[in-house]
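No hydrogens, no waters, no symmetry mates; every other heavy atom, side chains included, goes into these values.
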Amino acid sequence: QVQLVESGGGLVQAGGSLRLSCAASASIRSMGWYYQAPGKRRELVAAVTSGGITTYLTSVKGRFTISRDNVKNTVYLQMNSLQPEDTGVYYCAADRLSLGRGVVDYWGQGTQVTVSS
C-alpha cells in the first residue's frame, strides 16, 4: 500500500494563492490532484508523470501549476488567482499507470480549499 499525506489547504480571498503538497510513501508513476465541489463528481485538476508530463483541466490552465519532486516522492499544486468556484475538497491521487484512466490506485484524505468572494 502507498500512503498519501496532503497539506496546504485553507481559506483565502478571491485572487489569492495556495500551495498544496502531497507526500507519498513510495514512488508512483502518475500523481496529481482531483477536485470535488459539494454534490458534484470528482474531476481531475492536474496530473504529472514521473517523467514530467503534465495535464491540466482547461478551467485551471494559466492559474494552477503542478510540479513533482521525484526524490521526495512529493507532488505540489500551486494555485494562483483563486476564485470562489475553486472552493471544494482537493484530493491527492496516485496511479501506477496514468491518472485519467478511470481508476485511481491511491487517494489522499483530501484537503479543504475555501475561496471567499
Side-chain angles (χ1 to χ4, degrees):
Q1 289 277 43
V2 175
Q3 185 177 25
L4 305 178
V5 181
E6 303 180 36
S7 63
L11 173 65
V12 298
Q13 292 183 311
S17 299
L18 285 173
R19 185 175 178 86
L20 307 183
S21 65
C22 174
S25 60
S27 178
I28 316 100
R29 182 175 184 270
S30 184
M31 299 183 70
W33 299 88
Y34 281 76
Y35 160 77
Q36 186 170 32
K40 303 294 184 179
R41 58 180 286 274
R42 291 186 192 183
E43 59 183 347
L44 182 63
V45 175
V48 59
T49 69
S50 59
I53 301 172
T54 59
T55 303
Y56 293 95
L57 186 67
T58 300
S59 62
V60 309
K61 288 182 178 178
R63 298 191 297 124
F64 293 6
T65 302
I66 191 168
S67 60
R68 176 171 178 159
D69 185 335
N70 289 330
V71 175
K72 297 181 174 65
N73 292 328
T74 300
V75 64
Y76 306 91
L77 186 67
Q78 178 66 47
M79 303 185 293
N80 298 326
S81 302
L82 284 163
Q83 300 298 314
E85 63 192 32
D86 298 316
T87 293
V89 180
Y90 287 75
Y91 295 89
C92 182
D95 194 88
R96 67 189 187 279
L97 298 176
S98 177
L99 293 176
R101 68 185 179 103
V103 178
V104 176
D105 287 335
Y106 308 103
W107 290 102
Q109 293 182 336
T111 185
Q112 176 70 39
V113 171
T114 303
V115 184
S116 62
S117 59

Q: Would you give the length of the straight line joining atom SG of Cys22 to atom CH2 of Trp107, rounded to the nearest 0.5 angstrom?
A: 11.0 Å
Q: Minimum heavy-atom separation for Ser21 and Ser7, please, with both atom names.
A: OG-OG, 2.7 Å
Q: Which class fits the ring pair Tyr90 and Tyr35: parallel under 30°, tilted 30 to 60°, perpendicular over 60°?
A: tilted
Q: Applying side-chain contact (heavy atoms from CB on, under 4.5 Å) between Cys92 and each of Val75, Thr111, Leu77, report the one that passes.
A: Val75
Q: Just wondering, do Val2 and Asn73 contact through their side chains at under 4.5 Å, heavy atoms?
A: no
Q: Atom CZ of Arg29 and atom CG of Leu97: how far apart are they, to the nearest 0.5 Å?
A: 7.5 Å
Q: For the CG atom of Leu99 and the CG atom of Asp105, what is their distance to the nearest 0.5 Å?
A: 8.5 Å
Q: Keeping Glu6 on the side-chain end and Gly110 on the backbone end, is there a donor-acceptor pair under 3.5 Å?
A: yes
Q: For the side chain of Ser25 and the backbone of Gln3, is there at least one donor-acceptor N/O pair under 3.5 Å apart?
A: yes
Q: With side chains defined as the heavy atoms from C-beta onward, is the minimum distance between Gln1 and Tyr106 less than 4.5 Å?
A: yes
Q: Can you establish whether the number of heavy atoms outside Arg41 located under 6.0 Å from its atom CZ is more than 12?
A: no
Q: For the residue pair Trp33 and Val48, establish whether any side-chain heavy-atom pair is separated by less than 4.5 Å.
A: no
Q: Is any side-chain heavy atom of Leu44 closer than 4.5 Å to one of Leu57?
A: no
Q: For Val115 and Asp86, work out which heavy atoms get closest and say how close.
A: CG2-CB, 4.4 Å
Q: Arg19 versus Gln78: any side-chain heavy-atom pair under 4.5 Å?
A: yes
Q: Please check if Val12 and Phe64 belong to a single hydrophobic cluster, counting links between Ile, Leu, Val, Met, Phe, Trp and Tyr side chain heavy atoms closer than 4.5 Å.
A: yes
Q: Give, for atom OH of Tyr76 and atom CG of Asp69, the distance between the pair rounded to the nearest 0.5 Å.
A: 5.0 Å
Q: Applying the 4.5 Å side-chain criterion to the ILVMFWY set and letting contacts propagate, would Ile66 and Leu82 be lumped into a single cluster?
A: yes
Q: Between Ser98 and Ser30, do the side chains contain a donor N or O and an acceptor N or O under 3.5 Å apart?
A: no
Q: Just checking Gln112: does its CD atom have more than 12 heavy atoms from other residues, nucleotides or ligands closer to it than 6.0 angstrom?
A: yes
Q: Taking atom CG of Asn70 and atom CD1 of Ile28, what is their separation to the nearest 0.5 Å?
A: 10.0 Å
Q: Can you find a pair of side-chain heavy atoms, one from Val113 and one from Met79, that are under 4.5 Å apart?
A: yes
Q: What distance do Arg68 atom CZ and Thr49 atom OG1 have between them, rounded to the nearest 0.5 Å?
A: 7.0 Å
Q: When you compare the side chain of Leu4 with that of Tyr91, does any pair of heavy atoms fall below 4.5 Å?
A: no
Q: Measuring only between side-chain heavy atoms, which start at C-beta, is Thr65 closer than 4.5 Å to Tyr56?
A: yes
Q: Could you tell me which non-hydrogen atom of Met31 sits nearest to which non-hydrogen atom of Ala94, and how far apart they are?
A: CG-CB, 4.2 Å
